[in-house]
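Everything below concerns the one structure shown next.
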Amino acid sequence: MTQHEDGAVPGRRGAGGAGQGMRAVPEPPAAPADSKEADVTKPLVAAPADTVAGEVVLRLTDVVKTFPGVRALDGVQLEVRAGEVHCLLGQNGAGKSTLIKVLAGVHRPDSGEVEWRGEPASFANPQAAMRAGIATIYQELDLVEDLSVAENAFLGHEPRRLGFVRRGHMARRTRQILARLGHPEIPPGRLVRHLPAAGKQIVSMARALSHEARLIIMDEPSAVLAHDEVGNLFRIIRELTAQGIAVIYISHRLEEIREIGDRVTVLKDGRTTAANLPARDTPTNDLVARMTGRTIEYVFPERPADETAGAELLRVDGLTRSGEFADVSLAVRAGEIVGIAGLVGSGRSELLETIYGARRAHAGTVRMGGRTLRPGSVGAAVRAGMGMAPEERKSQALLLGEPIYRNVTLATFGRYARLGFTDARRERAEAEQIADSLELRPRDVRRPVRTLSGGNQQKVVVGRWLLGDTRLLLLDEPTRGVDVGARAELYQVIRALAARGVGVLLVSSEVPEVLGLADRVLVMREGRVVREAPAGEIDENTVLDLVMAGSLMEGAPA
């Protein structure tokens with residue numbers, strides 16, 4: 001039984017099937033073809049006259065959704081009120097994505113009841129859900145990159161007159177929405193592909209507000225944002241909720257839940273394990289236990305008793321890229337895990353990419369095994385025994401439509417090709433060995449890699465380098481978007497690689513992860529290394545002070 005703050009579960013029992021007791025949501029009357037220009041000045045997100053702050057706008061009762069061989073939702077309960085930020089927590093595979101798609105009209109539940117604004121509802125498609133007032137902003141933004149900002153904001157409901165799109169009206173309305181979102185500098189006519197990640201997310205919000213949404217679902221909205229951009233996101237969310245709009249906020253970052261959330265619902269294995277918990281007061285251990293069955297958020301493998309590392313693998317001296325980082329020197333030895341802590345924008349990811357050859361250094365040298373690598377050459381780095389798992393695994397490391405085995409063998413594909421033919425049987429067999437060693441789930445290497453959870457996709461990227469002669473592995477945000485349970489498995493994989501003599505250089509935004517996993521820690525701020533120390537000799541408060549407050553003079557030794 002799930003729990004309310006006083007132990008009760010929201011919603012009612014005994015709901016019928018998807019077609020029983022449910023009616024399609026009526027579409028609002030279409031706007032006149034020739035709207036008045038005065039409409040441009042109406043409030044952006046004025047609270048609907050029939051919305052009462054705190055009233056329940058969405059209630060799910062015993063919602064079930066099954067797919068062949070999988071019960072993705074198994075009696076889910078959820079209650080969302082007007083003007084609140086309702087946080088949804090759960091591991092990858094807990095059912096969050098399926099639940100989002102039910103609310104967005106992508107899937108229809110097999111049984112249970114969905115109530116929208118007090119009445120049973122069934123959304124036949126995403127357009128119906130949007131017209132009813134439910135907007136969804138996915139982690140993988142569904143924007144058309146070759147259309148303008150304004151065209152994306154009003155995609156599917158462009159203002160028209162006599163059959164022609166009123167582009168001037170659309171641009172003015174978009175400009176007004178962007179100003180309200182705190183980004184008046186974004187031109188309505190700019191192509192979306194020319195915007196940074198944060199700008200694209202703002203366009204997705206503008207699209208939601210162009211429909212005058214009453215509920216906005218945000219899936220990992222801060223995942224691609226820098227620290228200052230997250231603050232602006234939270235400002236926007238608070239303004240929306242002040243106008244009576246409800247927000248469902250999904251994040252793996254518990255500190256964000258504390259700051260922005262009002263109530264929390266937790267999913268595990270398709271079930272609601274807790275409902276309507278207070279976001280700010282519920283202990284972290286309690287939330288993690290309800291998600292995983294464990295009581296701690298980070299589970300790190302023990303460091304070996306003998307911490308003597310092997311020979312030096314990587315030596316970086318005075319590496320510099322103007323405007324990104326300057327005069328960075330570091331070393332990684334065989335069997336050693338070196339972690340780099342720092343905020344987004346501190347230059348850590350750019351440093352990793354430059355070491356790997358994906359960016360060309362303006363000064364300094366990179367040596368592998370004592371040999372200097374040619375600057376800006378990924379091929380030279382790979383031949384020297386270097387591999388990398390980038391932060392953006394879906395866009396930079398995976399062929400999402402290809403099977404798992406083809407993604408695993410991508411870096412060593414040449415060994416399976418002979419005289420123009422591919423030995424697919426051997427390719428699959430060796431990929432299956434990697435899948436077994438990494439405990440990949442599911443194990444069927446013929447499945448498209450896009451069907452895997454975030455944690456298992458990351459295992460595929462790491463596993464790719466286990467087939468080759470990789471001596472040094474660069475990991476950029478290895479657990480980004482990965483649930484607590486999968487994190488622990490990835491930590492075990494990384495530690496096992498080090499035990500085999502592989503050197504690891506990793507970057508992470510999560511300080512406990514760096515301190516718990518690495519043997520040695522470097523702290524970066526504003527493009528410079530400001531501290532280097534064994535992991536056991538530096539604590540979380542010191543790291544946060546260095547990256548946030550900057551208690552040491554920039555570049556000064558600790």
Side-chain angles (χ1 to χ4, degrees), residues 30-31 33-46 100 104 126-127 129-131 133-161 163-241 243 245 247 249 344-345 392 394-395:
D34 188 9
S35 302
K36 302 288 187 182
E37 288 296 332
D39 289 347
V40 176
T41 63
K42 67 181 179 180
L44 177 65
V45 290
I100 291 172
Q127 291 74 26
M130 183 72 85
R131 286 192 292 266
I134 298 177
T136 303
I137 301 174
Y138 294 99
Q139 183 177 0
E140 303 295 332
L141 300 177
D142 55 344
L143 299 174
V144 182
E145 299 228 325
D146 287 322
L147 293 182
S148 70
V149 169
E151 288 168 331
N152 271 277
F154 283 86
L155 190 64
H157 66 120
E158 299 85 351
R160 296 177 182 273
R161 174 185 291 168
F164 295 95
V165 175
R166 302 174 62 198
R167 297 190 180 277
H169 175 87
M170 189 165 65
R172 285 191 294 273
R173 182 72 177 137
T174 301
R175 193 175 293 111
Q176 181 192 25
I177 295 173
L178 292 171
R180 185 65 178 272
L181 290 173
H183 285 270
E185 78 284 357
I186 299 178
R190 176 169 295 172
L191 293 183
V192 163
R193 70 165 54 256
H194 295 149
L195 296 178
K200 292 177 180 178
Q201 191 175 74
I202 293 297
V203 176
S204 285
M205 291 185 187
R207 176 189 292 177
L209 297 184
S210 75
H211 286 270
E212 298 184 353
R214 298 167 184 258
L215 168 65
I216 300 179
I217 303 168
M218 298 183 178
D219 184 10
E220 295 282 358
S222 66
V224 297
L225 300 182
H227 181 73
D228 58 333
E229 294 168 338
V230 174
N232 186 58
L233 170 67
F234 287 175
R235 178 194 64 77
I236 293 169
I237 291 174
R238 292 187 183 102
E239 182 172 327
L240 294 174
T241 55
Q243 297 295 331
I245 294 175
V247 173
Y249 190 93
V344 173
E392 297 292 339
K394 289 188 176 180
S395 61

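We number each residue from 1, following the sequence as shown.
Every residue two or more places apart in sequence or in another chain that forms a ring pair (Phe, Tyr, Trp, His ring centres under 6.0 Å) with Phe154 is listed here: His157. For the side-chain contact (heavy atoms from CB on, under 4.5 Å) test, residues two or more places apart in sequence or in another chain that qualify with Ala206 are Ala153, Ile177, Leu178, Leu181. When the side-chain contact (heavy atoms from CB on, under 4.5 Å) test is applied to Gln127, the partners found at least two apart in sequence or on another chain are Asn125, Arg131.
Contact check for Arg173 versus Ser210: no side-chain heavy atoms found under the 4.5 Å cut-off.
For the atom pair CD1 (Ile134) and CD1 (Ile216), the distance works out to 11.5 Å, reported to the nearest 0.5 Å. The distance from the CD1 atom of Ile236 to the CD atom of Gln201 is 8.5 Å, given to the nearest 0.5 Å. In this structure, CG on Leu233 lies 5.0 Å from OH on Tyr249, to the nearest 0.5 angstrom. Taking CD1 of Ile137 as the reference point, atom CD1 of Ile202 lies at 8.5 Å (rounded to 0.5 Å).
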Can you give each donor-acceptor pair under 3.5 Å made by side-chain atoms of residues 182-196, sequence neighbours left out, with the distance rounded to 0.1 Å?
{"residue": "His183", "atom": "ND1", "partner": "Glu185", "partner atom": "OE2", "Å": "2.8"}
{"residue": "His183", "atom": "NE2", "partner": "Asn232", "partner atom": "ND2", "Å": "2.9"}
{"residue": "Arg193", "atom": "NE", "partner": "Asp146", "partner atom": "OD1", "Å": "2.7"}
{"residue": "Arg193", "atom": "NH2", "partner": "Asp146", "partner atom": "OD1", "Å": "2.9"}
{"residue": "Arg193", "atom": "NH2", "partner": "Asp146", "partner atom": "OD2", "Å": "3.3"}

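Counting all heavy atoms, side chain and backbone alike, Val149 lies closest to Thr174 at CG1-CG2, 4.0 Å. In terms of heavy-atom proximity, Arg207 sits nearest to Asn152 at NE-O, 3.1 Å.
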- Task: Walk me through it: do Met205 and Leu240 pass the test side chain to side chain contact (heavy atoms under 4.5 Å, CB included)?
- Result: CA-CA 11 Å; Met205 291 185 187; Leu240 294 174; 5.7 Å; no
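Evaluation of the salt bridge (charged side-chain N to carboxylate O under 4.0 Å, His left out) test over residues 148-157, restricted to residues two or more places apart or in two chains, returns Glu151-Arg167. Residue pairs meeting the salt bridge (charged side-chain N to carboxylate O under 4.0 Å, His left out) criterion with at least one member in residues 197-206, sequence neighbours excluded, are Glu145-Lys200.
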